[in-house]
Amino acid sequence: MASLRLGDTAPNFDAQTTEGDINFHEWAGDNWVVLFSHPADFTPVCTTELGRAAALNGEFQKRGVKPICISVDSLEDHTEWCKDIGETQGTPMNFPIIADPEKTVANLYDMIHPNADNTATVRSVFIIDPNKKVRLTLTYPASCGRNFDEIIRVIDALQLSDEYNIATPVDWQDGDDVIIPPSVKNEDIAANYPKGHKEIKPYLRTTPAPNK
Ligand code: BEZ
């Protein structure tokens, strides 16, 4: 499978998970999904990542997002390891981990990068929208834990730009000013951005957060 690109349909699959057997698209339903892989169970960085994702599950739910994780380990290992995550990270596991010992899903999503590791998944992230389109991909190496606040931030940015004709600037956080896309003509700004705008350059125009 070639790498998935933004806008591609997220491939469907059937899998065993720690919360029962699923068909991925049916499980996703009308929600957004964060599908992320980790290299292996019973490893330190992965333990902290899954604990953090579990602690943020309320934030995911508020945004209509379902998290789901995957590695090439067995269901038995996942189940045993979940106990360690709850014990050491302060939040019990509260979302499914896909067991993929045959590497079916890992190959479908191109999560094994042989020049990094021939057998284990790297730290991939796919943000998938309710239409099952891939909206963001990230790839981190095994040695580097991801920043889940950034994943929430990107979901906020994607959902805001789906609702309003805006883009978000560097380091944007929910509530900050946003950017009026260059495709919007100056004469159309007043009607479409009622909170006003600032023109810093003709191509760099900002407006207050439209959702606040
Ligand atoms: C970890 O999660 O700690 C880890 C996993 C695979 C390789 C290196 C670190």
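Values below: all heavy atoms of this structure, side chains included; hydrogens, waters and symmetry mates excluded. Along the sequence shown, residues are numbered consecutively beginning with 1. Counting starts at 1 for both ligands and their atoms, following the listed order.
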Any N or O of A40 closer than 3.5 Å to N or O of ligand 1 | no

Pair D171 + R153, salt bridge at N-O below 4.0 Å | no

With only distance considered, is V45 within less than 3.5 Å of ligand 1 through an N or O on each side?
-> yes

What's the shortest heavy-atom distance between D110 and S3, and which atoms?
-> OD2-OG, 2.9 Å

Name the orientation class of the two ring planes belonging to W27 and F24 (parallel below 30°, tilted from 30 to 60°, perpendicular beyond 60°).
-> parallel

Ligand-side contact atoms (ligand 1) for residue partner R123, heavy atom cut-off under 4.0 Å = 1 (C), 2 (O), 4 (C), 5 (C)

Taking atom 6 (C) of ligand 1 as the reference point, the nearest protein heavy atom with its distance | P39 CB, 3.7 Å

What are the two closest heavy atoms between A40 and D73, and how far apart are they?
-> CA-OD2, 3.4 Å

Atom 9 (C) of ligand 1 sits nearest the protein heavy atom A142 O, 3.8 Å

Gap separating the OH atom of Y109 from the OG1 atom of T137, nearest 0.5 angstrom | 12.5 Å

